[in-house]
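Accompanying notes for the structure given below.
What's counted below: heavy atoms across the whole structure, side chains too, no hydrogens, waters or symmetry copies.
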Amino acid sequence: TVDKARVVSNNDQNLRLDAAAPGADAATRCSTLPDGDRAIYACREAVRGDRENPAMHRALAERLEALGQHRDALRSREEVSRLVPGDAMAALELGQAQELAGKKRDALESYERFAALLPQEPRAHELVGWMRLELGQYAKALTAFREASRSARGSAHAYYGAALALGSMY
């Protein structure tokens with residue numbers, strides 16, 4: 001366990017991250033550090049101090065993504081999803097990380113979970129539709145885009161996606 005605050009030097013300033021603080025406080029501190037390798041080090045140390053806190057993993061993932069370290073960020077997003085399986089935002093963020101890592105089928109599963117957790121959210125169904133379209137599942141993509149367009153908040157993206165799916169089917 002971490003008893004004292006971690007001090008990480010970044011240029012001429014000292015960045016303090018109290019990994020022993022309650023998770024949300026430490027996660028907030030981690031997410032507000034200036035970008036860079038030292039900030040990632042501080043976030044990793046905070047995660048080590050509180051492995052079961054999804055906010056810590058989420059903050060680390062955001063830092064890694066900001067530096068283009070998508071594979072490492074994916075591991076953190078997977079941890080968040082494991083810790084809070086019913087969290088729609090965790091499902092969305094995991095899907096985005098999987099998509100960036102080139103794991104399109106896994107991303108589809110995460111987007112489908114996002115849509116199941118927020119069935120009234122048209123954007124969730126659009127994401128399912130776009131991923132199915134990329135995977136060549138045109139009929140299922142059309143179904144997802146139709147679901148997205150049923151909402152009063154449905155967007156032109158859903159109609160455009162539906163048109164692309166229909167055009168690809170014939």
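- More than 12 heavy atoms of other residues, nucleotides or ligands shown are found within 6.0 angstrom of NZ on K104.
- Distance check: N53 CG to E79 CD gives 11.5 Å after rounding to the nearest 0.5 Å.
- Looking at L92 and E121, their side chains never come closer than 4.5 Å, going by heavy atoms from C-beta outward.
- Considering CG of D87 and CZ of F114, their distance stands at 10.0 Å, rounded to 0.5 Å.
- Taking CG of L108 as the start and CG of L135 as the end, the distance is 6.0 Å to the nearest 0.5 Å.
- A heavy-atom distance below 4.5 Å is not found between the side chains of E65 and Q96.
- Salt-bridge formation is not detected for the pair K103/E109: no Lys NZ or Arg NE/NH1/NH2 atom is positioned less than 4.0 Å from an Asp or Glu carboxylate oxygen.
- Counting heavy atoms from C-beta on, the side chains of R44 and L64 come closer than 4.5 Å.
- More than 12 heavy atoms of other residues, nucleotides or ligands shown are found within 6.0 angstrom of NE2 on H70.
- With rounding to the nearest 0.5 angstrom, the CD atom of Q98 is 13.5 Å from the CZ atom of R105.
- Within the 4.5 Å cutoff, the side chain of E78 has no heavy atoms near those of the D106 side chain.
- Contact between A61 and S76 at its shortest, heavy atoms only, is CB-CB, 3.7 Å.
- Within the 4.5 Å cutoff, the side chain of L94 has no heavy atoms near those of the V80 side chain.
- To the nearest 0.5 Å, atoms CZ (R146) and NE2 (H125) are separated by 14.5 Å.
- Between E147 and V128, the closest side-chain pair of non-hydrogen atoms is not below 4.5 Å.
- Taken to the nearest 0.5 Å, the CD atom of Q137 stands 13.0 Å off from the CG atom of L142.
- Of all heavy-atom pairs between L117 and A91, the closest is CD1-CB, 4.5 Å.
- Hydrophobic clustering (side-chain heavy atoms under 4.5 Å, transitive across Ile, Leu, Val, Met, Phe, Trp, Tyr) keeps Y160 apart from L127.
- What you find for A141 and G129 is that their closest heavy atoms are CB-O, 3.5 Å.
- Considering all non-hydrogen atoms of both residues, L133 and A165 come closest at CD1-CA, 3.7 Å.
- Judged by distance alone, the side chains of S81 and R113 do bring a donor and an acceptor atom under 3.5 Å apart.
- Counting only heavy atoms from C-beta outward, the side chains of E52 and R82 approach each other to under 4.5 Å.
- In this structure, L74 and A97 approach most closely via the heavy-atom pair CD1-CB, 3.9 Å.
- In this structure, A116 and P119 approach most closely via the heavy-atom pair O-CD, 3.5 Å.
- In the hydrophobic cluster analysis, where Ile, Leu, Val, Met, Phe, Trp and Tyr join through side-chain heavy atoms closer than 4.5 angstrom, L166 is grouped together with Y138.
- Classification of the W130-F145 ring pair by plane angle, with boundaries at 30° and 60°, yields perpendicular.
- Proximity of E62 to R77: side-chain heavy atoms (C-beta onward) are separated by under 4.5 Å at one or more points.
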